[in-house]
Number of protein chains: 2
Amino acid sequence: MEARSQVTPATPPDPCDAFNRDCPGREVLDHLTSRWGLLILVGLQGGPLRFHELRTLIDGVSEKMLSQNLRTLVRDGLLSREVLPTVPPSVRYALTPLGADAAAPLETLLRWVKGNAREVVAAQTGHDAGAVTVPPQ
Amino acid sequence: MEARSQVTPATPPDPCDAFNRDCPGREVLDHLTSRWGLLILVGLQGGPLRFHELRTLIDGVSEKMLSQNLRTLVRDGLLSREVLPTVPPSVRYALTPLGADAAAPLETLLRWVKGNAREVVAAQTGHDAGAVTVPPQ
DNA sequence: CAGTATCCTGGGGGATACTG
DNA sequence: CAGTATCCCCCAGGATACTG
């Protein structure tokens, strides 16, 4: 294994660039940036939450979508799922170390949006106003 | 207004939290994290590109989707679109300052995926192997 | 409480063809 | 070259109902 010095001196073994269609990163990226997946990951940064707590936190998500996304993220190794042996069963979802790692840039993104959404909306309306295809006479 | 001081003393004027369903940030977030939107923004970090250059860079995108996403991002004020008066018309897309600002966290995310996609894939296969519903025998 | 199952609809998104 | 228009399929995702 260490005899491979001739091929690529210092090139990191990363053929997994999302700009390529066959890269597995495409799928991972889709999970991370899916509308609900992103909010789940970031929402869990404050600590573990139960199903219904997540449902409450993430306004507008349906049970189906929440459940579906949770399963995907657990499968991806980004979340852990722990069933507590209480009488009404309760399940606790938490970020794995890998998930916490992924959540960080997502939170940065979310914060950017929070701070700049209004500016974007302003740009939209400005654009719509300026893009008059039919100049008045 | 000040008579309502009992409710929330020092609430920051940011009702635009993407965790709320009616927040305009939801839509902005969708544009930023859409499969092609993200790659366009990050792809333009190296400098302006023309339509077909983007099409080549972003493997697998159709002309329709590229065009559609470009229009959306221009409208959002994240990209600029400049038509050059050449004989075969050429169009140059570039990040606006706002767009460059947004692209930064997206690039961080993309780099994370690039570095950790394999680990996620490994988690997936491990999960699939462990989740044997029908024990062999 | 924490889901799964089923039905159904809108639109994301690909392929192809045409235009300025 | 840089798109727009059209057709069409598939599935994300909501609503509702049922289960352990």
Side-chain angles (χ1 to χ4, degrees), chain A residues 18-22 26-40 43-44 48-76 79-94 127 131 133-134, chain B residues 18-22 26-40 43-44 48-76 79-94 131 133:
Chain A
F19 282 100
N20 299 320
R21 61 137 59 78
D22 52 349
R26 279 270 173 103
E27 189 198 349
V28 178
L29 196 59
D30 281 349
H31 296 175
L32 293 178
T33 61
S34 74
R35 175 185 312 183
W36 307 123
L38 187 149
L39 294 175
I40 290 170
L44 250 19
L49 290 177
R50 294 167 55 185
F51 188 83
H52 257 262
E53 292 173 331
L54 277 167
R55 180 133 165 64
T56 303
L57 174 66
I58 302 172
D59 193 24
V61 68
S62 67
E63 295 186 350
K64 176 188 166 185
M65 280 303 104
L66 182 55
S67 165
Q68 204 166 282
N69 278 269
L70 285 170
R71 257 185 291 141
T72 299
L73 296 175
V74 168
R75 190 176 102 99
D76 287 345
L79 295 187
S80 65
R81 179 181 189 273
E82 184 187 6
V83 182
L84 306 178
T86 57
V87 177
S90 56
V91 182
R92 171 204 265 170
Y93 292 93
H127 181 89
T133 21
V134 185
Chain B
F19 282 99
N20 299 319
R21 59 136 62 76
D22 53 349
R26 278 270 173 102
E27 189 198 349
V28 177
L29 196 59
D30 280 350
H31 295 175
L32 292 177
T33 62
S34 74
R35 175 184 312 185
W36 306 125
L38 187 148
L39 294 175
I40 290 170
L44 250 19
L49 290 176
R50 295 167 54 183
F51 188 82
H52 256 262
E53 292 173 331
L54 276 168
R55 179 136 164 64
T56 303
L57 174 67
I58 303 173
D59 194 23
V61 68
S62 67
E63 294 186 351
K64 176 189 166 184
M65 282 301 104
L66 182 55
S67 164
Q68 204 165 282
N69 278 270
L70 285 171
R71 256 184 291 142
T72 299
L73 296 174
V74 168
R75 190 177 102 100
D76 287 346
L79 296 187
S80 65
R81 179 181 188 273
E82 184 187 6
V83 182
L84 306 178
T86 57
V87 178
S90 56
V91 181
R92 172 203 263 171
Y93 291 93
T133 23

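Quick note: numbers below take in every heavy atom, side chains included, and nothing from hydrogens, waters or symmetry partners. Throughout, a chain's letter reflects where its sequence line sits, starting with A, and its residues are numbered from 1.
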A.B. asks: Evaluate the criterion side chain to side chain contact (heavy atoms under 4.5 Å, CB included) for residue pair Arg55(B) and Arg50(B); output intermediate values, then yes/no.
C.D. replies: CA-CA 9 Å; Arg55(B) 179 136 164 64; Arg50(B) 295 167 54 183; over 6 Å; no
A.B. asks: Which part of the nucleic acid, if any, lies within reach of Arg92(A) when heavy atoms closer than 4.0 Å are counted: base, sugar-phosphate only, or nothing?
C.D. replies: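 Nothing: the residue Arg92(A), judged by heavy atoms under 4.0 Å, touches no strand.
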A.B. asks: Round to the nearest Å and state the distance from Arg26(A) atom CZ to dG12(C) atom P.
C.D. replies: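 Nearest whole value for this atom pair: 18 Å.
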A.B. asks: For Arg26(B), which residues count as a salt bridge (Lys or Arg N to Asp or Glu O under 4.0 Å) partner, sequence neighbours excluded?
C.D. replies: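 Per chain and number, Arg26(B) pairs via salt bridge (Lys or Arg N to Asp or Glu O under 4.0 Å) with no residue.
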A.B. asks: Compare all side-chain heavy atoms of Leu39(A) with those of Leu54(A) and state whether any distance is below 4.5 angstrom.
C.D. replies: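 When only atoms from C-beta onward are counted, Leu54(A) and Leu39(A) do not touch, as no gap falls below 4.5 Å.
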A.B. asks: Between P on dA15(C) and CD on Glu63(B), what's the gap in Å once rounded to a whole number?
C.D. replies: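 For the pair Glu63(B) CD and dA15(C) P, the rounded distance is 11 Å.
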A.B. asks: Heavy atoms only: give me the nearest Ala94(A)-Leu44(A) pair and the separation to one decimal.
C.D. replies: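 That would be CA-CG, 4.3 Å.
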A.B. asks: Reckon Arg55(B) touches a base, only the sugar-phosphate, or nothing at all at heavy-atom distances under 4.0 Å?
C.D. replies: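 It contacts nothing in the nucleic acid.
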A.B. asks: Which atoms form the tightest heavy-atom contact between Val61(B) and Met65(B), and what is the distance?
C.D. replies: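 Looks like CG2-CB, 4.0 Å.
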A.B. asks: If only atom types and distance count, is the side chain of Thr33(A) paired as donor or acceptor with the main-chain N or O of Leu29(A) below 3.5 Å?
C.D. replies: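 Confirmed, Thr33(A) side chain pairs with Leu29(A) backbone.
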A.B. asks: Could you give me the CA-CA distance, side-chain angles and deciding distance for His127(A) and Val74(B), then say whether side chain to side chain contact (heavy atoms under 4.5 Å, CB included) is met?
C.D. replies: CA-CA 8 Å; His127(A) 181 89; Val74(B) 168; 3.9 Å; yes
A.B. asks: Please give the angle, rounded to 10 degrees, between the axes at the start and the end of the helix from dC1(C)-dG20(D) to dG20(C)-dC1(D), where five pairs define each axis.
C.D. replies: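 Taking the rotation axis at each end, their angle is 50°.
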A.B. asks: Kindly give the heavy-atom pair with the smallest separation between Asp59(B) and Asn20(A), and that separation in Å.
C.D. replies: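 Heavy atoms only, the tightest pair is CB-CA, 3.9 Å.
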A.B. asks: Heavy atoms under 4.0 Å, any strand shown: does Arg81(B) hit a base, just sugar-phosphate, or nothing?
C.D. replies: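 Result for Arg81(B) = sugar-phosphate.
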A.B. asks: For Lys64(B) and Trp36(A), take the nucleotide of DNA chain D holding the closest heavy atom to each; which residue's nucleotide lies nearer the 5' end?
C.D. replies: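 Result: Lys64(B).
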A.B. asks: Pick the nucleotide of DNA chain C nearest each of Ser90(A) and Gln68(B); which residue has the one closer to the 5' end?
C.D. replies: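 Mapping each residue to its closest nucleotide by heavy atoms, the 5'-most match is Ser90(A).
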A.B. asks: Nearest heavy atom decides the nucleotide; on that basis, is Pro89(A) or Ser62(B) closer to the 5' end of DNA chain C?
C.D. replies: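 Per heavy-atom nearest nucleotide, the more 5' residue is Pro89(A).
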A.B. asks: Shoot me the first and last contacting nucleotide of DNA chain D against chain B, ordered 5' to 3', at under 4.0 angstrom to non-hydrogen atoms.
C.D. replies: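 The footprint of chain B covers dC1(D) to dC7(D).
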A.B. asks: When you compare the side chain of Leu57(B) with that of Phe19(A), does any pair of heavy atoms fall below 4.5 Å?
C.D. replies: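 Yes, at least one pair of side-chain atoms sits under 4.5 Å.
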